Undergrad: 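Next up is a structure, given as structure tokens.
Every value quoted in this text rests on a predicted model; they were computed, and no experiment measured them. Just so we're on the same page: letters track the sequence lines, and every chain starts at 1.
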Amino acid sequence: MSEINNITEENKKSLNFIEVIVEKDLAEGKNDRRIQTRFPPEPNGYLHIGHAKAICIDFGIAQKYGGICNLRFDDTNPVKEDVEYVDSIMEDIKWLGYEWGNVYYASDYFPRLWDFAVELIKKGKAYIDEQSAEEIARQKGTPTQAGTESPFRNRPVEESLSLFQKMNTGEIEEGKMVLRAKIDMASSNMHFRDPIIYRVINHPHHRTGTTWKAYPMYDFAHGESDYFEGVTHSICTLEFVVHRPLYDWFIEELRTDGYRPNQYEFNRLNLTYTVMSKRKLLQLVKENLVTGWDDPRMPTICGYRRRGYTPESIHKFIDKIGYTKYDGVIDVSLLEYAVREDLNAKAPRISAVLDPVKLIITNYPEGKVEMMEAINNPEDESMGSHEIEFTKELYIEREDFMEDAPKKFFRMTPGQEVRLKNAYIVKCTGCKKDENGIIQEIYAEYDPMTRSGMPESNRKVKGTLHWVSAEYNIQAEVRLYDRLFNVENPNEDKDKDFRELLNPDSLKVLTNCRMEKFVVTAKAYDNFQFQRLGYFNVDPDSKSGKLIFNRTVSLKDSWSKIVKNEN
RNA sequence: UGUCCCAUGGUGUAGUGGUAGCACAUCUGAUUUUGGUUCAGCCAGCCUAGGUUCGAGUCCUGGUGGGACAACCA
């Protein structure tokens, strides 16, 4: 107990509103001071960054206050669900670093939910409606107009009871019959206008097979499942606020003791340049517009994982955005900042050249090879160093050279000294062009006294270039992955086909690069001609050593601005 | 012509009724063998009108603006 108090003292100022509620409940001794949450995904798709926010609060609350968080699959609609999704969801939660107490399935509660439904019928609080979906919808009214009662609303209890049995035997066709709670067709809350709680679905369930024909609806299953499990704090997103009175209504009908779960809602995550709708993400996968749920451009947990994001970076991001009831849109640059911050400390650096042009050190001996030491990570000495070969002929990035450069161009241009990283200071003496004016070779002279580590190497030069030996290098296919969408808010215009807003396919470049095995940083270019620094991530699914250029964690494109200003 | 939720710099978030902080983004400067990092700094905010109060971002009321709700989805 004292431990909990200490935690709360320390974090008092940064408590989010859910934590405030939990602490108040704890202080009041609610539910015997027990804290239990649940993460309840429907297994109908892969988890995305929005789910990460829910996961962090569900598991985080349990962790922080000494409670447990269970994983529950809300599998009440067999048509959309699949074990593939169950497996991926578990994998992604584990990758984020969380452990659930138990794994539950709403489908485990089908018998108890059935009994509860029968009880409601017997109490006269539920009835079988034999109208069509259209008729029921029509009678529902609108938010500003009361609904009208179904002609079946007051049928005898026994009749409903026997029809309900038939709903589950297969003799009732889909859509011919539903079970409805009898509440209030004139309620200002649409969810109270005799909500449907059971419907017939003739589709095998991924866990219960063909045992059931009648399946409970979300509203009838969720709160009840919370109650069965002993959940104390049922945390979900804002769109369920209007469901809460119904959640409470069912709980009151169901509960037999002092305990009851309570629902609390927080704001869903919206990110610029990002579509989070599962339906749309599924569409991208099905239409092969991406390579799969784990395509590095996807906002899925596994997509980010393949892209090189760490679990820690996701946590940092979620910590920064907080939990409130305000519906906003978070700038994706905050996510990118969190990733850079984390990767900057961890990522080993290597040099790479994506668009090579030959640089010849004219006064360097033919055939000579020197081994240069390159620090793996300037932020972390313990990561050591690696050696790279320096030779007379090198490759540098084509855009690291300009024949007629503006003043603020700090890289290679005739007459200007630059440093070749980890090697010598060189001075450009000229270049050779073909008939079209395309640069073929660049010439420079090196100063032998300026090798890294020697006293002369401390001379100040404005630019430092990455380079690769023309003789000793490794070629790899590099993919430049951009943001999936090229507009700030692809959700804005709902009538527009969101697929039109997709960025064109990733750019594939054959390049010379020298690389270490894992996550590395390197100088590179994106396909918008902005020089950037970015993080490479070796695609773990690729045996051929492909690199994924992590464009969205790329750094400031200051060079592009310099050019704009100068011209 | 309904019910419910929400409103603090460009963005996101803190603020027991008592000096409105923080982060991202932008911009400026310093350091730097990554135009990265790091450091310093600039710019910029309580939707509105009343009320309660010695004192309101905070409490109350009315506006205004945004969002949710009319699936046999979750």
Undergrad: Which listed nucleotide (B:rU13, B:rC24, B:rC73) is nearest to the side chain of A:Asn77?
TA: B:rC73
Undergrad: Specify whether A:Trp114 and A:Phe164 have parallel, tilted or perpendicular ring planes, treating 30° as the upper limit for parallel and 60° as the lower limit for perpendicular.
TA: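 Geometry flag for A:Phe164 against A:Trp114: parallel rings.
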Undergrad: Heavy atoms only, 4.0 Å cut-off, all strands: where does A:Ser187 land among base, sugar-phosphate and nothing?
TA: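 No contact at all - A:Ser187 keeps every heavy atom at 4.0 Å or more from the nucleic acid.
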Undergrad: Do A:Thr37 and A:Ile235 come within less than 4.5 Å of each other through their side chains, counting heavy atoms only?
TA: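 SC-SC contact between A:Thr37 and A:Ile235 confirmed.
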Undergrad: Counting only side-chain heavy atoms from C-beta out, which of B:rA14, B:rC72, B:rA70 sits nearest to A:Thr324?
TA: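 Selected nucleotide (nearest to the side chain): B:rA14.
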Undergrad: Side chain of A:Val242 only, heavy atoms from C-beta on: which candidate in B:rC69, B:rU8, B:rU34 is closest?
TA: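 For A:Val242, the side-chain atoms sit closest to B:rC69.
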Undergrad: Distance only, no hydrogens: is a donor on one side chain within 3.5 Å (strictly under) of an acceptor on the other, for A:Tyr85 and A:Glu42?
TA: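 There is no such pair (donor and acceptor under 3.5 Å, judged by atom type) between the side chains of A:Tyr85 and A:Glu42.
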Undergrad: Taking CG from A:Asp226 and C1' from B:rA74, how many angstroms apart are they, rounded to a whole number?
TA: 13 Å
Undergrad: Can you sort out which residues in residues 168-178 of chain A have a heavy atom within less than 4.0 Å of RNA chain B? Ascending by number, please.
TA: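 Contacts with RNA chain B under 4.0 Å: A:Gly175, A:Val178.
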Undergrad: Which nucleotide in the set B:rC24, B:rC73, B:rU34 lies at the smallest distance from any side-chain heavy atom of A:Leu334?
TA: B:rC24
Undergrad: Using a heavy-atom cut-off of 4.0 Å across all strands, would you classify A:His243 as base, sugar-phosphate, or nothing?
TA: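 A:His243: base contact, heavy atoms under 4.0 Å.
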Undergrad: Which is more 5' along RNA chain B, the nucleotide nearest A:Thr142 or the one nearest A:Gly453? Just name the residue.
TA: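 Counting from the 5' end, the first nearest nucleotide belongs to A:Gly453.
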Undergrad: Looking only at side chains, do A:Glu379 and A:Asn377 share a donor and an acceptor under 3.5 Å apart?
TA: no
Undergrad: If you look at every strand shown and take non-hydrogen atoms under 4.0 Å, does A:Val79 touch a base, only sugar-phosphate, or nothing?
TA: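 If one applies the 4.0 Å heavy-atom cut-off, A:Val79 turns out to touch nothing in the nucleic acid.
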Undergrad: For A:Trp467 and A:Phe390, take the angle between the two ring planes, folded into 0 to 90°, and tell me which bin it lands in: parallel under 30, tilted 30 to 60, perpendicular over 60.
TA: perpendicular
Undergrad: Could you check whether A:Lys316 gets within reach of a base, just the sugar-phosphate, or nothing at all, counting any heavy atom under 4.0 Å?
TA: nothing
Undergrad: Base, sugar-phosphate, or nothing for A:Gln131, non-hydrogen atoms under 4.0 angstrom?
TA: base
Undergrad: From the options B:rC5, B:rC73, B:rU13, select the nucleotide whose nearest atom is closest to the side chain of A:Asn267.
TA: B:rU13
Undergrad: Less than 3.5 Å apart, any donor N or O on the side chain of A:Asn189 or A:Ser187 sitting next to an acceptor on the other?
TA: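 The criterion, which ignores hydrogens and geometry beyond distance, is not satisfied for A:Ser187 and A:Asn189.
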Undergrad: Students often get this wrong, so: under 4.0 angstrom with heavy atoms, is A:Asp74 touching a base, only sugar-phosphate, or nothing?
TA: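 Sugar-phosphate only.
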Undergrad: Just checking, is any N or O donor in the side chain of A:Lys53 or A:Asn267 under 3.5 Å from an acceptor N or O on the other one?
TA: yes
Undergrad: We want to know whether A:Gln131 and A:Ser150 form a side-chain donor-acceptor pair, criterion being a heavy-atom distance below 3.5 angstrom.
TA: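 Short answer, yes.
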Undergrad: What is the nucleic acid contact for A:Tyr198, judged by heavy atoms within less than 4.0 Å: base, sugar-phosphate only, or nothing?
TA: nothing
Undergrad: What stem regions, each of at least 3 consecutive Watson-Crick or G-U pairs below 3.5 Å, can be found for RNA chain B?
TA: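 Stems for RNA chain B, defined as runs of 3 or more consecutive pairs: B:2-7 with B:64-69, B:10-13 with B:21-24, B:27-30 with B:38-41, B:47-51 with B:59-63.
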Undergrad: With a 3.5 Å cut-off and no angle check, do the side chains of A:Glu370 and A:Tyr424 form a donor-acceptor pair?
TA: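 A pair is found: one side chain offers a donor N or O, the other an acceptor, under 3.5 Å apart.
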Undergrad: Answer yes if the side chains of A:Ser234 and A:Arg38 hold a donor-acceptor pair under 3.5 Å, and no otherwise.
TA: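 A donor-acceptor contact under 3.5 Å links the two side chains.
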Undergrad: Categorize A:Glu379 for me: base, sugar-phosphate, or nothing, with a 4.0 angstrom heavy-atom threshold over every strand shown.
TA: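 Touches a base.
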Undergrad: Which part of the nucleic acid, if any, lies within contact of A:Ser132, taking any heavy atom under 4.0 Å across all strands shown: a base, the sugar-phosphate backbone alone, or nothing?
TA: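 Base: the residue A:Ser132, judged by heavy atoms under 4.0 Å, touches a nucleobase.
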Undergrad: Among side-chain atoms of A:Glu373 and A:Ser385, is any donor-acceptor pair under 3.5 angstrom?
TA: yes
Undergrad: If each of A:Lys325 and A:Arg199 is mapped to the nucleotide of RNA chain B with the nearest heavy atom, which maps nearer the 5' terminus, i.e. the 5' end?
TA: A:Lys325
Undergrad: Calculate the interatomic distance between A:Phe17 atom CZ and B:rC6 atom P; express it in whole Å.
TA: 9 Å
Undergrad: Regarding A:Ser132 and A:Glu135, is there a side-chain donor-to-acceptor distance under 3.5 Å anywhere?
TA: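 Yes, a side-chain donor-acceptor pair sits under 3.5 Å.
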Undergrad: For nucleotides 16-18 of chain B, tabulate all protein N/O to nucleotide N/O atom pairs closer than 3.5 Å, reporting atom names and distance.
TA:
none

Undergrad: Could you please name the option among B:rC4, B:rU11, B:rC69 that lies closest to any side-chain atom of A:Met190?
TA: B:rC69
Undergrad: Within the 4.0 Å heavy-atom criterion, would you say A:Lys462 contacts the bases, only the backbone, or no part of the nucleic acid?
TA: nothing
Undergrad: List the steps and the verdict of salt bridge (Lys or Arg N to Asp or Glu O under 4.0 Å) for A:Lys316 and A:Asp342.
TA: CA-CA 8 Å; A:Lys316 279 181 182 177; A:Asp342 188 58; 3.7 Å; yes
Undergrad: Between B:rG67 and B:rC60, how far is it from one P atom to the other, in whole Å?
TA: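 Nearest-Å result for B:rG67 against B:rC60 at atom P: 25 Å.
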Undergrad: When all nucleic acid strands are considered with a 4.0 Å heavy-atom cut-off, which category describes A:Ser333: base, sugar-phosphate, or nothing?
TA: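 A:Ser333: backbone/sugar contact only, no base atoms under 4.0 Å.
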